[in-house]
Amino acid sequence: MAPFPEERMRRLRRAPWLRDLVRETTLSPADLVWPLFAVHGQGVRQEIPQMPGQHHLSVDALVKEAVEAQALGIRAVILFGIPAAKDPLGTEAWADDGIVQRAVRLLRREAPDLGVMTDVCLCEYTDHGHCGKVVDGEVDNDATLELLGRVALSHARAGADLVAPSDMMDGRVRFLREALDRHDFQQVGILAYSAKHASSFYGPFREAAHSSPRFGDRRTYQMDAGNRREAMRELALDAGEGADILMVKPALPCLDILREARDRFEHPLAAYQVSGEYALIRAAAERGWVDGDAMMLESLTAIRRAGADFVLTYFARDAARSLARR
Ligand code: PBG
């Protein structure tokens with residue numbers, strides 16, 4: 001290749017149409033999944049202080065917002081629930097009339113073409129805030145699988161398309177796959193939070209879900225943030241256990257892991273741009289320190305460029321609106 005002055009990289013940057021033609025990474029509303037927080041009640045739409053622009057929504061309000069997002073090109077949502085009451089096992093997580101189950105049923109009825117994913121975990125539902133059953137002060141892996149199986153089945157019964165285990169117990173993908181198949185839910189897919197790091201970036205979510213652990217932390221089950229090779233092992237295990245889609249979380253702090261996962265696995269790959277990533281951009285934008293809209297789109301593009309096929313992001317609706325204006 002001829003060096004400068006024959007080669008000039010700026011030639012293809014001269015005009016918007018040229019830049020559009022040679023853009024390698026695209027971003028569209030169909031690449032985005034919107035996480036929503038369901039709460040009990042009627043007509044509830046309460047802003048989450050640490051996540052401005054995101055709300056606790058009763059199921060009626062949740063359906064309204066989801067339908068609005070769908071009109072903007074968003075194809076799927078993922079649901080989290082705030083239970084009426086918490087207890088040691090997190091029993092509302094698998095209750096037939098639990099908050100997520102009710103939201104799924106209503107979405108199915110009111111927005112049949114919208115993809116519905118559900119987060120499968122216990123931490124929003126347990127009074128101790130851990131993602132599993134606590135035995136002798138520790139989260140018991142195998143006892144937790146049993147409970148997660150109940151959660152996933154109750155979501156499938158309500159009509160969820162994909163269940164997304166975020167607990168990081170060993171063996172849960174196979175356990176859930178077998179439980180779903182045994183109950184004739186062969187068509188319900190598993191979006192596995194495969195490489196999920198123990199991250200400070202989940203802070204705002206835990207405020208929103210009142211799910212901070214009461215004792216200890218999540219480092220005995222979520223991954224150490226310094227580990228890349230271990231992330232590859234986690235991804236390979238979930239792929240082998242029957243995950244349909246693999247996920248890396250958080251997103252911007254893990255672009256290297258996303259890239260390597262993209263290169264190694266043929267599975268569809270998702271990334272979760274988590275609450276802390278959202279809060280950083282929103283907070284700086286509110287102060288007028290950054291252009292929040294541009295930063296939102298740039299961060300999502302970077303996550304896609306690193307290898308994510310789609311992104312779970314609190315920006316989903318805002319990004320869809322912004323993309324429609326361009
Ligand atoms: C449940 C769960 C969490 C998130 C998704 N599922 C919290 C956690 O693991 O502490 C975090 C999402 C976010 O920060 O946006 N285990």
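Each ligand, and each atom within it, is numbered from 1 in the order the structure gives.
- Comparing heavy-atom distances from atom 16 (N) of ligand 1 across Arg206, Lys196, Gln54 singles out Lys196 as nearest.
- Arg75 has no carboxylate O lying under 4.0 Å from a charged side-chain N of Asp113, or vice versa, which leaves the two without a salt bridge.
- For ligand 1 and Cys123, the ligand atoms under 4.0 Å from any heavy atom of the residue are 1 (C), 16 (N).
- Ligand 1 is never approached by Gln273 to a heavy-atom distance shorter than 4.0 Å.
- Of all the heavy atoms of Asp167, none lies under 4.0 Å from any atom of ligand 1, so neither backbone nor side chain is involved.
- Under 4.0 angstrom from ligand 1, the non-hydrogen atoms of Cys121 all belong to its side chain.
- Note: no N/O pair closer than 3.5 Å links Glu124 and ligand 1 by distance alone.
- Those atoms of ligand 1 that come under 4.0 Å of a heavy atom in Tyr314, given as number and element, are 12 (C), 13 (C), 15 (O).
- No heavy atom of Tyr278 sits closer than 4.0 Å to any atom of ligand 1.
- Of all non-hydrogen atoms in Ala103 and Leu79, the two that sit nearest each other are CB-CD1, 3.9 Å.
- Atoms of ligand 1 found under 4.0 Å from any heavy atom of Asp119, numbered from 1 in the order shown, are 1 (C), 6 (N).
- Cation-pi contact between Lys249 and Tyr202: present, with separation from the ring centre below 6.0 Å and deviation from the ring axis of at most 45°.
- When hydrogens are left out, the protein atom nearest atom 12 (C) of ligand 1 is Phe205 CD1, 3.5 Å; that is the closest non-hydrogen contact.
- Heavy atoms of Gln222 approach ligand 1 to within less than 4.0 angstrom.
- Ligand 1 lies out of reach of Met168, whose nearest heavy atom is not under 4.0 Å from it.
- Checked by atom type and distance alone, the side chain of Glu92 never pairs as donor or acceptor with a backbone atom of Tyr125 at under 3.5 Å.
- Interface atoms of ligand 1 facing Cys131, defined by a heavy-atom separation under 4.0 Å, are 16 (N).
- For the side-chain contact (heavy atoms from CB on, under 4.5 Å) criterion with His267, the lone passing option out of Asp238, Leu235, Ile245, Leu246 is Leu246.
- For Trp34 and Gln54, the side-chain atoms include at least one donor-acceptor pair closer than 3.5 Å.
- Proximity to Arg218 (heavy-atom distance under 4.0 Å) selects the following atoms of ligand 1: 8 (C), 9 (O), 10 (O).
- Considering Ser212, Gly276, Ser166, Pro204 only, the shortest heavy-atom separation from atom 1 (C) of ligand 1 involves Ser166.
- Taken together through direct or relayed side-chain contacts under 4.5 Å among Ile, Leu, Val, Met, Phe, Trp and Tyr, Leu122 and Leu176 form part of one hydrophobic cluster.
- Scanning both residues, Ala251 and Glu277, for their nearest heavy atoms gives N-OE2, 2.9 Å.
- The pair Asp97-Arg105 does not count as a salt bridge, with every side-chain nitrogen at least 4.0 angstrom from each carboxylate oxygen.
- The protein heavy-atom contact nearest to atom 11 (C) of ligand 1 is Lys249 NZ, 2.9 Å.
- Judged purely by atom type and a 3.5 angstrom limit, Asp31 uses its side chain to pair as donor or acceptor with the backbone of Ser28.
- Shortest contact from atom 14 (O) of ligand 1 to any protein heavy atom: Ser275 OG, 2.7 Å.
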